[in-house]
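Presented below is the structure to which this report refers.
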Amino acid sequence: MAGKSNKGRNRKGSHSASNSAEQVVSSDAPTKDDKIPLESAKIDDTANGVVAEGESTVAQPEVKESEIANPANEPKQGDIHLYPVSVKTQSSEKLELQLNPGDSVMDIRQFLLDAPETCFFTCYDLLLQTKDGSTHHLEDYNEISEVADITTGGCSLEMVAALYDDRSIRAHVHRTRDLLSLSTLHASLSTSLAMQYENAQSKVSSAGDAVKTEVPELDGLGFMEDVSGSLGKLLSSSTQEIKCVESIVFSSFNPPPSYRRLVGDLIYLDVVTLEGNKYCITGTTKMFYVNSSTGTVLDPRPSKSTSEATTLIGLLQKISSKFKKAFREILERKANAHPFENVQSLLPPNSWLGLYPVPDHRRDAARAEDALTLSYGSELIGMQRDWNEELQSCREFPHTTPQERILRDRALYKVTSDFVDAAISGAVGVISRCIPPINPTDPECFHMYVHNNIFFSFAVDADLEQLSRKRAADTNFNTSINSSEKDSNDESKGEPGHVVESGQDSAETQLAESEQATYASANNDLKGTKAYQEADVPGLYNLAMAIIDYRGHRVVAQSVLPGILQGDKSESLLYGSVDNGKKICWNEDFHSKVVEAAKRLHLKEHTVLDESGNVFKLAAPVECKGIVGSDDRHYLLDLMRVTPRDANYTGAGSRFCILRPELITAFCQSEAAEKSKSEPKEEGEAQVTTDSAKVAGAEEPVKNEANVAATADDSQKIEEKVEVAAQECDSIPVESSDSCDELLFNPNVFTEFKLAGSQEEIAADEENVKKVSTYLANVVLPKFIQDLCSLEVSPMDGQTLTEALHAHGINIRYIGKVADGTKHLPHLWDLCSNEIVVRSAKHLLKDVLRDTEDHELGPAMAHFFNCFFGSCQAFGGKHTANNMQSRTQKKYLQDQAGHQSSGKSSKGQARWKGRASARKQHSSYMNVSSETLWSDLKEFAKSKYQFELPEDARSHVKKVSVMRNFGQKVGISITARKYDFNAVTPFQTSDILNLQPVVKHSVPVCSEAKNLVEMGKVQLAEGLLSEAYTLFSEAFSILQQVTGPMHREVANCCRYLAMVLYHAGDMAGAIMQQHKELIINERCLGLDHPDTAHSYGNMALFYHGLNQTELALRHMSRALLLLSLSSGPDHPDVAATFINVAMMYQDIGKMDTALRYLQEALKKNERLLGEEHIQTAVCYHALAIAFNCMGAFKLSHQHEKKTYDILVKQLGEEDSRTKDSQNWMKTFKMRELQMNAQKQKGQAFNAASTQKAIDILKAHPDLIQAFQAVAAAGGSGSSGSSVNNSVGENLPRGRGFDERAARAAAEIRKKAAAKGLLKRPHGLPAQALPPLTQLFNLINTGAAPDANGSNATGTTDVANKEANGHPSDGPADSKKDQPLSGQEGEAPVGLGKGLTSLDSKKQKSKAKAAS
């Protein structure tokens, strides 16, 4: 939002550093949320881009950054000029807003909703008075520039009370209730930690004692031993509500009697104030007043006290002084929060944990009123939204200038988010049978529903039957498969287009053929729809679509195709086929648009035959349907195969195994790269971009390669080609049009459709597809497995593993192969096998839920969890003995019935809950026991993922990580208590708190911003800080306007901005950006998502850089807790985090704690990666450094020797890193000799050298990463997806700032120095590629002076400790310490004093210590 009241802002001015620098980055980022509903956009002032006077103290360095960033001051895409406009409020106060001529009147209303002075006015007209004295009445959808020119100054706005009507007065009451609640404020733990720390510091400073606060020891190691016990620590109890009023409810006098309606009464409210007084309030078209009613009779006259006001809050302030005070507190609390904590996230993630003990459920009449209006997502008053019309008209917005594109992207994002939201509510209504079908006479699984202008249909899953089918006779197996292959009529997948045919086909054939409309086809259809949306061909339209999984059913929701529910449809099909290729339609105009899209999607124009042998030229899969709607738009539906079949899977039942679009893009690039070997430059760049391409998962080829290179500067063209520009930049030389021809794929090969054309051509098309499939199996998969083993890509949990696979173009069905390829690394093998177990269990649970009645859902889920995680028997003594058999038989019989019975009682129905199931003696879930469940899991894993689960899989799974992953995939949330997984039944029914729908959707991303981020990464990798800063800020600005701040991509920008500022030495600025990323991740990805854990880790490193070690350690503790939940204790990232923690303890002199963490890390790395792995060497090196700090030079030497031996083995003696290690050994040896010499002289060691070593370490926290370079392994824990693999290959994979980004940043220092960017003395932290060499030289030169330093006493103590209790081959953590270690000598040349000098205080304290 661009504007905000200065009053509100200055009130917050001094509040905390974390807000103060906020503005600068977002200063070019007014988030304009035109159509955002009241709740969804409460961005507070500081995010809104106006730098308040007195507020930008910390922001100075950032400001400089941005000045450098844009030397010519030419306006950038995201830049917006703001002009002050004064506002006279309804209560006659004056405010000032900063507005841009492009702001719409809706934006101004949104700004006023966010300003504390005007947040409770909802019903008013806006008048604009201009300089020349004329007055304009503003309409909501106008832009200000259409009405008057505010750039000349002298304009003012006035809010004039408008009349309420039924709808607006209810909205006003609703808004009032929202304002009185703090539930919309989502405080992040990080914010409260910072506040506590600040308060503690201020107490200390006021007490005047300079005593250094004692840093408490963390229980980080504890989390790792007892993961289950730490569940309760994830959730903080919700914010304490501030009570303003006992209750506000709609009175039972409603609705007003007719004679009162005629004088303007709209609504009656009963209010009980905190003082205990009861009032009956009348809401009229003009105002609210207290009437004289008491008891049961309405007395509409104003009461004697004659309290009245135009708003409800105004009235309550008059009649209750306690209300007035409490309301002020609420506004202050909201104003003091981080601006992002007030913003609602549009589609928040499901939480798999709920508070324990479960909070009491209290009376709340307002909540009850809202819940009792069963609307399933449609608005109660007024028109239903026409989703399709909204979506398609947003697509038609002009998008030639950057500003137009932002408006269009924002409108599309908003409409699709609202659609998904409505679709979820509607789907829940459909599955709960609260919405009647439009074809009630058809069999139940073909029912279709229209609600709230959304079309719902069921996708029926074929997978589950395969297990029991195997047990059935083979003949049955074959028939079912054939039937699924035969049909593409997709009835149950429910395109509106099919309503017609359902009448023509007999119910029997539909049932037999329904198999095709499986879960897989729905998934593919969604992917296809996304791909066509991104191709964005003018004149070709797709429906809005979402897939909702709930209670074992999968519902597909689509916007209603205009005209499909009325009239004759025979004419509307223009393209493709509804009967699986028997009859194919074709239309010239439609074909030209499809061909245009096909070019962008790498699809080939080819010929096919219909049943009667006619030849048609298609550029899309045969079963797609091109329909002309009653709005005369051309719609393309049923896009289940926009990429070719996977030639590696051609057996029965694999009809929907298609390749991923990311793979197609990567393959085309690699082919083009092969071709252009002659131009090595191009090839290099092609490679750089390949990964970012994979990351973006871009799915469209460039339209005209010739322009692509220009796109970087030419923002006009960026949009259509965005995704691709980055990837294909130079990889396809312009002249090689032939290569383009070769890289188009025929989507109909390897299918049952008849292809026309010569044999050679068909063979060539098939060869092409085989080539890609082989490329996937022989190139992409092995490379991915290698990246996993080298920790280049380091997923932490199931979700990040899935994202990493997809980003590389690998389908999940290959996960068994990935597991087999990573057998030698226990953490990867666990990760893959756990994911397979969870996915298999998901399918089995869906089966159970689908057969479960409403009242048995809780017990059924608890029983399933007990069988999954405990060792639970089936219910009922009789059945236990043969329950496996009985269950199998039951399924078997069901199948037999399904395949043999004709029509009505067929399988499709057998799977559906017959309501008349009274004859079921006991529910089917009772028959499940741990044994049957696990044997089914093994069988499912084998059939679906070709993966053999080991016999003891049950005891091996990481219970908590699997429980978390499973809860997220199925939408179950459980209580956050400690579970005893050794018990027979660890779960009670009361532990199951909720079952939520799980959604897949195609909410569009803003391609323009994505592009800017990719370009920024490249600049960052080249060390061009100010350019990178400009690009990331611009992307941030655009995204803020398109999606609002609550979006993953915005978090991404904040992370990169934080890195840039960190490198530029602006710690405070980095912390601010990092804090934003952390808040967004917590809200958009979930509290325990690996990215959130990394955000906490990064925050910790930045705080450490500011010398606030206690705060840093608290963040580290949280990061460890989150990692233990998502990945479990056994993961290299955990070891890496331990090294960071050790470094922090080392810096504050707690050497014994540091050694404990280091040893723990070493053990982990040796166990997980092996004793010879480079990461293990890193740990040894870190230990060597730690001992060196303590003066135990002999131990240092021993550990460095181990480091050296591993490096020699892995890298060879010539490698610079091996030589560095050798130099370290010499240094340690020399110091040991010096120390002995001094001992003989009898000189006491002074403590200075140790202190000096520690100081230097402190000065360069980033050196932590240095040694990790050795591992040449970057890659984030959370997803391979955002890494530019080819840049800065050996950047440390330290969790330091963001490892994902670490590699990208690798060469920054070197290049920046070369470009003279290091004028600021504390330039970039040491991070150049051979960091160790510098370190080493540096330390060697500093060795002599240091040597006399190490305090002997400290040394020996620790040494003894070491000898006794802490085996020296301790920690794996050395990775991190190691860098530390480097710091102990003098600072390397060219480093400046690093970050330390930032903080003069820090320096002073050091000086004292040293003296």
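With sequence neighbours excluded, the residues satisfying salt bridge (Lys or Arg N to Asp or Glu O under 4.0 Å) with D265 are R260. Shown here are the salt bridge (Lys or Arg N to Asp or Glu O under 4.0 Å) partners of D364, two or more places apart in sequence or in another chain: there are none. H186 meets the ring pair (Phe, Tyr, Trp, His ring centres under 6.0 Å) test with no other residue; sequence neighbours excluded. Residues passing the side-chain contact (heavy atoms from CB on, under 4.5 Å) test with F250 are V173, R177, N254, I267, L269, E369, sequence neighbours excluded. Taking the side-chain hydrogen bond (donor to acceptor under 3.5 Å, both in side chains) definition, one finds that S973 meets it with nothing, sequence neighbours left out. Residues meeting the side-chain hydrogen bond (donor to acceptor under 3.5 Å, both in side chains) test with S91, sequence neighbours left out: T89. Considering only residues two or more places apart in sequence or on other chains, H1115 meets the ring pair (Phe, Tyr, Trp, His ring centres under 6.0 Å) condition with Y1096, Y1103. When the salt bridge (Lys or Arg N to Asp or Glu O under 4.0 Å) test is applied to R964, the partners found at least two apart in sequence or on another chain are D797, D1088. With sequence neighbours excluded, the residues that form a side-chain contact (heavy atoms from CB on, under 4.5 Å) with S320 are T273, E275, K322, F323. Not counting sequence neighbours, the partners of C123 by the side-chain contact (heavy atoms from CB on, under 4.5 Å) test are A162, Y164, S168. For A200, the side-chain contact (heavy atoms from CB on, under 4.5 Å) criterion is met by no residue, not counting sequence neighbours. Partners of K318 by salt bridge (Lys or Arg N to Asp or Glu O under 4.0 Å), not counting sequence neighbours: none found.
With respect to D299 and R301, a salt bridge is recorded, a charged nitrogen being found less than 4.0 Å from a carboxylate O. Taking a cutoff of 4.0 Å between a charged side-chain nitrogen and a carboxylate oxygen, D418 and K414 qualify as a salt bridge.
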Go through the steps for H338 and K1076 under the test side-chain contact (heavy atoms from CB on, under 4.5 Å), then give the verdict.
CA-CA 9 Å; H338 187 284; K1076 288 191 214 171; 3.8 Å; yes
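For the residue pair H172/T311, the side-chain donor-acceptor check at 3.5 Å is not satisfied. A side-chain donor-acceptor contact under 3.5 Å links E1077 and N1081.
A cation-pi arrangement, defined by a distance under 6.0 Å to the six-membered ring centre and an angle within 45 degrees of its axis, is present between R109 and Y124.
Formation of a donor-acceptor pair under 3.5 Å by the T118 side chain with backbone atoms of L112 is found in this model.
A distance of 13.0 Å separates OG of S351 from CD1 of I972, quoted to the nearest 0.5 Å.
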